[in-house]
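Right, one structure below, let's go through it.
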Amino acid sequence: MLKVYNSLTRRKEEFVPIEPGKVRMYVCGMTVYDYCHLGHARVLVVFDVIVRHLRSLGYDVTYVRNITDVDDKIIDRALKRGESIQRLTARYIEAMHEDADALGVLRPDFEPRATESMSDIIHMIQALLDKGYAYQADNGDIYYSVSHFEHYGQLSGKQLEDLRSGARVEVDEAKRDPLDFVLWKSAKPGEPAWPSPWGEGRPGWHIECSAMSTECLGAHFDIHGGGMDLKFPHHENEIAQSEAATGEHFVNYWIHNGFVQVDEEKMSKSLGNFFTVREILERYQPEEVRYFILASHYRSPLNYSDDNLDKARAALQRLYTALRDSGAVDAGSVEADQEYVRRFEAAMNDDFNTPEALAVLFELVRAINRARESGSAEVCRLAATLKQLGGRLGLLQADPEAYLRGPHGAGEEGPDDAEIDRLVARRDQARADRDWAEADRIREQLEGLGIVLEDSPGGTRWRRA
RNA sequence: GGCUGGGUGGCAGAGUGGCUAUGCAGCGGAUUGCAAAUCCGUGGACCUCGGUUCGACUCCGGGCCCAGCCUCCA
């Protein structure tokens, strides 16, 4: 039985889909005006694993992840770069896809864009106007009237009064209430604009997600996800918009992932303490980044440091070492060990507890190595189990030797394989001659190049440290 | 100020009302020409103060500390 922590109720709940056997899920994606940083990578990977797990349980999942391709930041950035908005967003959308692909993130089933959803957005705004939840201000902008929505604050646990007294909301003369938020911004010169019943303009940020999710998944769907920082006001506003416009309950389960932190502080653009995915991939393999993300529970903070990435590398080396020479190449055709599968699923069914699931993988590693030492025929089956379960997390699908020998980052320079093989062969000769001094000298030389040797009865092999 | 979430061994990071997390690092042993990899064994933790209980790191309450949201942010 799958249990999910629901941000709306603040407790773990049994997951029951609206329609048996089917899951409809929406995740807030990126605003494309810059490269993905590690925080974006976390959202991508976390929800990718959630989708993979739901599918492994047999659910038919429809996964929607939007792209925000028009907003103030995009407009500013395009202006500064002297580049058209279309060119800018196209570039960053492509970059995002490259990063997501590198990290082993499966593509969502639908990836709607705000600029391609204008009629849905306009229809929803019109519905809100018709029902009295929205009004047009003197400046032409359309606002959502927060006080008209009875349940405003249910997701974030905030009272309207508390929010008002918080008083950090910028006072805008056009608004009737400082907490009202914009649905449609009337066009200013030089800005991109679309025609609407209220004149040329563009949508506010919150309305696009309401419109796109409703369009792709219906007025009522199962899961809505995103980063913690979107809980308020973005998701709160989405609920207000969608439920007011459709009259239906919007989402059953809200899932929010925790932040990536640097030195105990949130990684964010405004603080300038962020690392882009491509920067990190200069020095680490994508799978190591993915492992690093999954080594913490999705709701916990994830502290970025080289030390923690190095630990991810060490962990993957142990996993892949167990898979080496195990006959698990074609793991899918081997029946998995059901006891380990059961424990893995129990961990994942407990609110997607990936650290616990990884612990099961390491217990499999020990079982494999033990079986190997005792010459048991179980090695292949256990290794196949490890590879299958790793696959459910999007890990361990590479050729073990290729992973262990591979360079550690896209930017790494080092000796090529042929050169290493040549040195290893020379050392083998020295060892055959029992010239230990020469053998050790070559080994140290290789060590200096970041190559570790492993002698075994079957011969010497090497990997990158 | 209001609202979330959290404080676990050297580090990272799960979990449980009484029983080994797991990984890295450490220590002892096996193995090895020496290493590496691997195996076996081992030390080490539950912020603080009360309460509930036969028994709490685990449940409840107070305190302290940390992060986040209340403004764009994954």
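Below, read A as the first sequence line, B as the second, and so on, with proteins coming before strands; counting in each chain starts at 1. The shown structure was predicted, so the numbers you read here are calculated from the model rather than taken from an experiment. As a basis for the values below, the full set of heavy atoms in this structure was taken, side chains included, without hydrogen atoms, waters or symmetry mates.
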Under the 3.5 Å rule, do the base of [N] and the side chain of [X] count as making a donor-acceptor pair?
X	N	result
A/Lys266	B/rC73	yes
A/Arg443	B/rA35	yes
A/Asp72	B/rC72	no

Could you tell me whether [X] contacts a base, only the sugar-phosphate backbone, or nothing, with contacts defined as non-hydrogen atoms closer than 4.0 Å?
X	result
A/Tyr5	sugar-phosphate
A/Arg427	base
A/Arg370	sugar-phosphate
A/Gly258	base
A/Asn353	sugar-phosphate
A/Gln261	sugar-phosphate
A/Arg10	sugar-phosphate
A/Gly227	sugar-phosphate
A/Val360	nothing

Would you please confirm or rule out a distance under 4.0 Å between OP1 or OP2 of [N] and any side-chain N or O of [X]?
X	N	answer
A/Arg318	B/rA25	no
A/Tyr33	B/rC73	no
A/Arg366	B/rC40	yes
A/Ser296	B/rG13	yes
A/Lys158	B/rU4	no
A/Arg299	B/rG5	no
A/Thr68	B/rA74	no
A/Trp436	B/rA35	no
A/Asn257	B/rA74	no

More than 12 non-hydrogen atoms from neighbouring residues, nucleotides or ligands closer than 6.0 Å to CD on A/Glu150, yes or no?
no
In numerical order, the residues of residues 303-311 of chain A whose heavy atoms come under 4.0 Å of RNA chain B are A/Asp307, A/Asn308, A/Lys311
Please figure out whether A/Phe259 or A/Gly226 has its closest RNA chain B nucleotide nearer the 5' end.
A/Phe259
Only one of A/Asn6, A/Asp350, A/Asp351 clears side chain to side chain donor-acceptor pair (under 3.5 Å) with A/Lys12; which?
A/Asp350
Separation of the C1' atoms in B/rG28 and B/rG33, to the nearest angstrom:
23 Å
